[in-house]
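Quick caveat: nothing in here was measured; it's all calculated off a predicted structure.
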Amino acid sequence: MDHDLAALLDDLLSATTREEAPSADSLLAVLATDDDDLLDVVAAAARVRRRWFGRRVKLAYLVNLKSGLCPEDCTYCSQRLGSAAEILRYTWLRAPEALGAARAGIDAGASRVCLVASGRGPTERDVTRVCGVVARIVEEHPGVEVCACLGLLSDGQAERLRDAGAHAYNHNLNASEDAYPEICTTHDHADRVATVRRVQGAGLSACSGLIAGAGETPEQLVDVLLELRALDPDSAPVNFLVPFEGTPLAGRHELTPQRCLRILAAARFALPRAELRLGAGRELHLRALQPLALHVASSLFLGDYLTAEGQDAAADLAMIADAGLEVEEVPGPAGRTASSRVVPRRRGAGTDVAPNA
């Protein structure tokens with residue numbers, strides 16, 4: 001390791017120890033490091049991860065309550081207005097089906113269930129429906145965290161979810177304030193920040209992260225990391241673009257496994273105490289370096305995503321164990337290796353096929 005890199009990493013580690021924000025320049029320097037220096041960068045970020053999270057990996061499981069049919073125009077999203085992506089499209093799941101999907105994830109080892117619905121934001125009737133599912137999960141599975149993700153919230157809706165037993169609410173910033181007009185025109189960055197603040201004001205745990213690989217510059221990526229630090233979410237998903245055919249970003253493949261690891265390391269230095277969660281696109285972009293990423297991130301989504309299939313749950317659990325990390329349970333042998341292509345989800349919620357758990 002050369003002197004300049006050693007000094008950069010020492011400064012970043014010292015800042016996390018003092019709980020001081022890293023400078024934008026230092027995070028840009030992390031993103032600009034050479035592949036030859038990648039293991040040194042990952043090792044430094046791993047030290048921060050171990051300080052706050054030890055060797056544990058938290059498993060979250062997604063239940064897509066309503067798929068597609070969204071009026072918003074987010075360019076990265078397969079559920080967007082006008083999307084021609086060949087995804088599952090269905091309106092609200094019935095409660096028994098939603099509960100069955102949640103049970104599958106919990107039985108596979110997930111300690112957090114994430115209830116997600118497409119759309120700009122929920123109506124009061126939607127919140128009532130979701131509260132019923134939340135209450136049943138909490139009743140049947142004490143200790144399991146339930147996170148809701150329903151879009152922009154109105155006054156009083158976060159409190160209703162809290163009172164039903166929800167632990168957290170997810171609303172990702174996705175992009176920096178500067179970059180946001182490039183990826184969405186039907187709502188703005190301030191709307192997203194307001195919802196995260198509303199969630200925190202209601203006493204829910206805030207979950208808010210980003211998406212990388214959607215055309216952002218390194219400076220914009222650093223900006224969103226520092227904006228997230230200012231919001232201080234308890235958990236932060238890091239998603240990598242899944243470039244579905246039929247969306248404006250189809251065919252965009254600007255990420256490499258090494259680039260993804262540098263992004264995760266920068267996120268760990270910016271958000272040392274946040275539960276960094278490997279999100280959508282990890283199989284596609286990190287590929288064989290997924291286990292290394294788990295030494296920086298401390299959580300992942302088990303199984304499938306909202307509209308894309310993920311690595312087999314058994315393979316996820318085996319990967320965690322093989323990396324020398326710990327999760328509540330690692331059942332069964334390793335599954336198939338991860339695919340390098342985008343596979344639209346055709347199993348689990350909204351279908352007659354068993355979920356990937």
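Comment: Glu72 engages Arg120 in a salt bridge, judged by a side-chain N to carboxylate O separation of less than 4.0 angstrom. Asp126 and Arg129 are joined by a salt bridge, as a carboxylate oxygen and a charged side-chain nitrogen come within less than 4.0 angstrom of each other. Looking at Asp37 and Arg262, no side-chain N of the basic residue comes within less than 4.0 Å of a carboxylate O on the acidic one, giving no salt bridge. In summary, Arg56 and Glu275 engage in a salt bridge, as defined by a charged side-chain N under 4.0 Å from a carboxylate O. Using a 4.0 Å cut-off between charged side-chain N and carboxylate O, Arg229 and Glu227 make no salt bridge.
Of all heavy-atom pairs spanning Cys207 and Arg112, the tightest one is CB-NH1, 4.2 Å.
In this structure Arg197 satisfies the salt bridge (charged side-chain N to carboxylate O under 4.0 Å, His left out) test with no other residue, sequence neighbours excluded. Residues that satisfy the salt bridge (charged side-chain N to carboxylate O under 4.0 Å, His left out) test with Arg136, not counting sequence neighbours, are Glu140. Qualifying side-chain contact (heavy atoms from CB on, under 4.5 Å) partners for Asp178, counting only residues two or more places apart in sequence or in other chains: Ser176, Gln220.
Applying the ring-ring contact (aromatic ring centres under 6.0 Å, His included) test to every pair with at least one member in residues 113-141, sequence neighbours left out, gives no pairs at all. A ring-ring contact (aromatic ring centres under 6.0 Å, His included) check over residues 273-325, counting only residues at least two apart or in different chains, returns nothing.
Under a 4.5 Å side-chain heavy-atom criterion applied to ILVMFWY residues, the cluster that includes Tyr76 comprises Tyr180, Ile183, Ile211, Leu241, Leu249 as well.
In this structure a side-chain-to-backbone donor-acceptor pair under 3.5 Å is missing from Ser26 to Pro22.
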Walk me through whether Leu302 and Leu317 qualify under side-chain contact (heavy atoms from CB on, under 4.5 Å). CA-CA 8 Å; Leu302 183 71; Leu317 295 168; 4.2 Å; yes
